[in-house]
Chemist: 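Pasting a structure below so you can have a look.
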Amino acid sequence: MKSKGSPRGSIAVLCIIISGCLFCECFIPRDPTYIDLFHSTAAPNRDFWFGTDTMGRDLFSMLWYGGRISLLIGGISTLLSTLIAVMVGTVSGLVPEWLDALLMRLTELILCIPSLLIIVLAQSFLGKATVFSISLSIGVTSWTGIAKVVRAEVRQLQASEYVVASKSMGAGFFHILRRHLLPNFMSSILFMVIMNVRNAIAMEAALSFIGLGLPLEIISWGSILSLSQQSLLAGAWWITLIPGIYLIVTLYCMTRVGEYLRRNLNQEYRNL
């Protein structure tokens, strides 16, 4: 892979953030779930580096601890959306044209509806917000873009000699998908997968901000930002600013990595 223009800084920052979230117990100074009303909304100081929230919880510890939940939601929802997209896109690319047109019209219909509206509707059916329910709601609504790319790639690949030969020898759908199709279109969707992780983390934060995300006892970047209204009224700017910077930096680094993959990996895989 060419190193020219590679987002090494963004990759390094992402590695630090992910590693810090995964192994935060090794360095966080306080229990992030401990409520200390005596130190409620304390400004950043020597004891509380990033200050405390409205319930007196240490914000520095909460950011690293809660990052695991946000990253987990991003990972689960992206895995689910990618699986749906690969199946729908591959089937649409291999079936007769009338069925392909039906599947693509359904995909475009879902694509036209705002994702937040569908997620809110799905969450209302699933009931109380949990890590799994939010991941499921985001995952089942964010597969359409990848599916259209997969379908276009499969349409081009289905006439390839190796695919035709595999079909003539009686190979099944999943064998053809795993051995011949997936390795060829993976480069085309890899950057979209990274973008889906980014979008899922941002969507979880947005849901929490409007009061539809995780409850306050489940710490995530979104649930921390859900305290923004109270913190602004109390003049506690650090409760909004510092978590917002964490979220923006993470999303920006993911965007840089995704854009680099889009520019470089697709051409590299096609030249193999």
Side-chain angles (χ1 to χ4, degrees), residues 7-79 129-135 138 194 196-209 213-232 234 236-258:
R8 295 178 180 177
S10 297
I11 294 173
V13 171
L14 272 181
C15 290
I16 292 172
I17 292 174
I18 294 173
S19 299
C21 292
L22 293 177
F23 304 105
C24 61
E25 285 90 350
C26 300
F27 63 87
I28 56 175
R30 290 177 173 80
D31 181 359
T33 63
Y34 179 70
I35 297 176
D36 184 4
L37 295 179
F38 183 75
H39 292 101
S40 173
T41 61
N45 55 63
R46 199 164 65 180
D47 295 326
F48 302 98
W49 299 339
F50 288 174
T52 63
D53 69 350
T54 54
M55 293 181 283
R57 297 177 296 181
D58 180 50
L59 197 58
F60 178 81
S61 302
M62 290 173 67
L63 284 172
W64 293 108
Y65 184 84
R68 292 189 295 188
I69 299 298
S70 295
L71 293 172
L72 180 63
I73 290 174
I76 293 176
S77 61
T78 300
L79 177 62
T130 63
V131 172
F132 176 76
S133 67
I134 289 182
S135 300
I138 297 174
I194 300 294
N196 270 12
V197 176
R198 181 203 66 176
N199 294 338
I201 294 174
M203 188 61 70
E204 185 268 328
L207 288 173
S208 296
F209 184 78
L214 296 171
L216 289 177
E217 60 267 20
I218 302 178
I219 301 174
S220 70
W221 288 341
S223 65
I224 297 173
L225 287 171
S226 67
L227 300 171
S228 297
Q229 294 179 351
Q230 299 95 313
S231 65
L232 290 175
W237 53 267
W238 55 90
I239 301 178
T240 302
L241 180 62
I242 298 177
I245 292 174
Y246 260 71
L247 184 61
I248 290 172
V249 168
T250 303
L251 300 184
Y252 173 76
C253 290
M254 288 184 175
T255 302
R256 287 288 309 279
V257 174

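Only this structure's heavy atoms are used, side chains among them; waters, hydrogens and symmetry mates stay out.
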Chemist: Roughly how far apart are Ile69 CD1 and Ser223 OG, rounded to 0.5 Å?
Modeler: 9.0 Å
Chemist: Give the minimum heavy-atom separation between Leu63 and Ile224, together with the two atoms involved.
Modeler: CD2-CD1, 4.0 Å
Chemist: Compare every heavy atom of Met55 with every heavy atom of Ile35, then report the nearest pair and how far apart it is.
Modeler: CG2-O, 3.1 Å
Chemist: Tell me whether the count of non-hydrogen atoms from other residues, nucleotides or ligands lying under 6.0 Å of CZ in Phe38 goes above 12.
Modeler: no
Chemist: Check Leu251 against Ala202 and note the closest heavy-atom contact, atom names and distance.
Modeler: CD1-CB, 3.8 Å
Chemist: Which atom pair, heavy atoms only, marks the closest approach of Cys21 to Trp221?
Modeler: SG-CZ2, 4.2 Å
Chemist: Out of curiosity, Leu14 CG to Ser19 OG, how far, rounded to the nearest 0.5 Å?
Modeler: 10.0 Å
Chemist: Can you tell me how far apart OG (Ser70) and CG (Leu214) are? Round to the nearest 0.5 Å.
Modeler: 8.0 Å
Chemist: Would you give the length of the straight line joining atom OG1 of Thr255 to atom CD1 of Ile248, rounded to the nearest 0.5 angstrom?
Modeler: 11.5 Å
Chemist: For Val197, does its backbone N or O pair with a side-chain atom of Thr78 as donor and acceptor, under 3.5 Å?
Modeler: yes
Chemist: What heavy-atom pair brings Ser208 and Gly222 nearest, and what distance separates the two atoms?
Modeler: CB-O, 3.0 Å
Chemist: Please, which pairs that meet salt bridge (Lys or Arg N to Asp or Glu O under 4.0 Å) have at least one residue in residues 38-66, sequence neighbours excluded?
Modeler: Asp53-Arg57
Chemist: Can you confirm if the aromatic rings of Trp64 and Tyr246 lie within a centre distance of less than 6.0 Å?
Modeler: yes
Chemist: Where the side chain of Ser61 meets the backbone of Arg30, is there a donor-acceptor pair that is under 3.5 Å apart?
Modeler: yes
Chemist: Using 0.5 Å steps for rounding, measure from the CG atom of Leu59 to the OG1 atom of Thr41.
Modeler: 11.5 Å
Chemist: Can you measure from CG (Asn199) to CD1 (Ile194) and round to the nearest 0.5 angstrom?
Modeler: 11.5 Å
Chemist: If you count the non-hydrogen atoms of other residues, nucleotides and ligands that lie under 6.0 Å from CZ in Phe50, is the total more than 12?
Modeler: yes
Chemist: Which is it for Ile73 and Ile201 under the side-chain contact (heavy atoms from CB on, under 4.5 Å) test, yes or no, and what are the steps along the way?
Modeler: CA-CA 7 Å; Ile73 290 174; Ile201 294 174; over 6 Å; no
Chemist: Taking His39's backbone N and O only, do any of them form a donor-acceptor pair with Thr52's side chain (distance below 3.5 Å, no angle check)?
Modeler: yes
Chemist: How far apart are the closest heavy atoms of Trp49 and Pro44, and which atoms are they?
Modeler: O-CB, 3.3 Å
